[in-house]
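Inspection log for the structure reproduced underneath, given as structure tokens.
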Amino acid sequence: MLRFAALTLVLMVMMGLLLQCSPASTSEPAEKIPPVKIQLMTSLPIIWGERGAMEDILSGKATPAAIYAYWQQQYDISAVDSFERLANSDTDMVLLAQPPAMDPADIAAVDAWVRAGGKAIILTDPMLVWPTSLPLGDKRRPLASGLLSPLLDYWGLELQLPSKAETGGVELAFPGVTITTVGIGAFQSIVPEEHSHADCAFSVANVIARCEVGDGHAILLADADFLNDALWADQAGTDHGDARRLMDDFIADMRK
């Protein structure tokens with residue numbers, strides 16, 4: 001009986017060692033990557049569409065544009081009308097999409113934040129084409145031309161209008177993505193590199209500028225109307241998903 005008890009004890013010890021050494025029967029769930037936190041400033045009617053009056057929002061008649069609804073699903077995005085709290089926020093990146101005329105303090109805040117290591121995606125269109133039923137003078141109308149000259153000047157850049165030959169529809173091809181737009185602009189360096197506050201590399205035709213600004217980075221695109229899914233609704237073969245994918249690529253680049 002004593003030998004049987006001793007044998008049982010040995011087997012129990014061995015089983016305990018085997019359980020400790022064997023891999024777990026169920027793997028631990030992978031750690032969920034938190035969504036990118038984005039602060040968006042825009043004059044484009046994408047947050048509540050054109051029916052952005054308070055009574056329409058409360059009644060449910062106002063709905064986000066397709067691109068903004070997609071961003072809400074993919075990212076932790078919030079629309080702002082000031083960057084006064086940007087420096088002390090946990091924002092991952094700033095998105096300026098044809099923003100309204102910015103207060104000088106907001107421009108300085110964005111520059112300082114990027115320079116300190118922040119990341120920004122800037123869509124600034126010199127000749128925006130965005131069909132709208134809003135009357136002239138309505139503050140909800142998107143800006144017809146980008147108003148970021150103070151920031152661009154400081155970074156040594158100038159936003160140029162398209163030539164007359166380039167004011168029609170244009171297809172832009174990027175790796176795995178082709179977008180259709182109209183009246184796309186270009187960036188031009190306006191100061192010698194050694195005197196610039198940003199180190200920028202340009203794409204073909206200077207449509208995109210990728211800039212190192214202090215310890216931070218910025219991607220600038222001289223167009224914004226490609227975000228409007230309705231703009232090309234009558235043109236067969238247009239894949240509106242490419243607009244979303246292009247922005248996803250920009251955001252992914254900024255996360256690296």
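Note that the structure is a prediction, hence the values are computed from the model and not measured. Count residues from 1 along the sequence.
Between L123 and A224, the shortest heavy-atom distance links the atoms CB-CB, 4.2 Å. Shown here for P150 and I107, the closest heavy-atom pair between the two residues is CB-CD1, 3.9 Å. The heavy-atom pair separating L159 from F187 by the smallest distance is CD1-CE2, 3.9 Å. Nearest heavy atoms, C211 versus A198: CB-CB, 4.3 Å. For the residue pair R141 and P135, the shortest heavy atom distance occurs at CD-O, 2.8 Å. What you find for W71 and L227 is that their closest heavy atoms are CH2-CD1, 4.1 Å.
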Show every donor-acceptor pair shorter than 3.5 Å between a side-chain atom in residues 84-103 and any protein atom, with sequence neighbours excluded, or say none if there are none.
{"unit_1": "S89", "atom_1": "OG", "unit_2": "L86", "atom_2": "O", "d": "2.8"}
{"unit_1": "S89", "atom_1": "OG", "unit_2": "T91", "atom_2": "N", "d": "3.4"}
{"unit_1": "S89", "atom_1": "OG", "unit_2": "T91", "atom_2": "OG1", "d": "3.0"}
{"unit_1": "D90", "atom_1": "OD2", "unit_2": "K37", "atom_2": "NZ", "d": "2.5"}
{"unit_1": "T91", "atom_1": "OG1", "unit_2": "Q39", "atom_2": "NE2", "d": "2.8"}
{"unit_1": "D92", "atom_1": "OD2", "unit_2": "K37", "atom_2": "N", "d": "2.8"}
{"unit_1": "Q98", "atom_1": "OE1", "unit_2": "D125", "atom_2": "N", "d": "2.7"}
{"unit_1": "Q98", "atom_1": "NE2", "unit_2": "D125", "atom_2": "O", "d": "3.1"}
{"unit_1": "Q98", "atom_1": "NE2", "unit_2": "L143", "atom_2": "O", "d": "3.1"}
{"unit_1": "D103", "atom_1": "OD1", "unit_2": "A105", "atom_2": "N", "d": "2.8"}

I'd like a table of donor-acceptor pairs (distance under 3.5 Å, sequence neighbours excluded) in which one partner is a side-chain atom from residues 72-80, with atom names and distances.
{"unit_1": "Y75", "atom_1": "OH", "unit_2": "D248", "atom_2": "OD1", "d": "2.5"}

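Put simply, the side chain of D225 gets close to the backbone of V129: a donor and an acceptor are under 3.5 Å apart. A distance-only check finds a donor-acceptor pair linking the side chain of S145 to the backbone of P126 [under 3.5 Å].
Residue pairs satisfying the salt bridge (Lys or Arg N to Asp or Glu O under 4.0 Å) criterion with at least one member in residues 106-121, sequence neighbours excluded, are listed as follows: D111-R115.
Contact annotation: the side chain of I184 never approaches that of F226 to less than 4.5 Å [non-hydrogen atoms, C-beta and beyond]. I208 has its side chain within reach of I219: a pair of non-hydrogen atoms, C-beta onward, lies under 4.5 Å apart. With a 4.5 Å cut-off on side-chain heavy atoms, R210 and D253 count as touching. A heavy-atom distance below 4.5 Å is found between the side chains of P142 and L44. For the pair L220/L157, a side-chain contact is recorded, criterion being any heavy-atom separation below 4.5 Å from C-beta on.
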Discussion item. Walk me through whether Q188 and N206 qualify under side chain to side chain contact (heavy atoms under 4.5 Å, CB included).
Written reply: CA-CA 7 Å; Q188 179 68 40; N206 288 21; 4.2 Å; yes
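Residues L246 and Y68 share a hydrophobic cluster, clusters being chains of Ile/Leu/Val/Met/Phe/Trp/Tyr side chains in contact below 4.5 Å. Linking ILVMFWY side-chain heavy atoms closer than 4.5 Å, directly or via other members, places L152 and V191 in two distinct hydrophobic clusters. Residues W155 and F83 are members of one and the same hydrophobic cluster, defined by side-chain heavy-atom contacts under 4.5 angstrom among Ile, Leu, Val, Met, Phe, Trp and Tyr. Criterion: ILVMFWY side-chain heavy atoms under 4.5 Å apart, direct or through other members. Under it, I46 and L128 are part of a common hydrophobic cluster. The hydrophobic clustering, which links ILVMFWY residues whose side-chain heavy atoms are closer than 4.5 Å, places M254 and L151 apart.
Surrounding CG of D153 are more than 12 heavy atoms belonging to other residues, nucleotides or ligands, all under 6.0 Å away.
Here the CG atom belonging to L221 is positioned 5.5 Å from the CG atom belonging to D223, to the nearest 0.5 angstrom. Of the inter-residue distances, the one linking E212 atom CD with C200 atom SG reads 9.0 Å to the nearest 0.5 angstrom.
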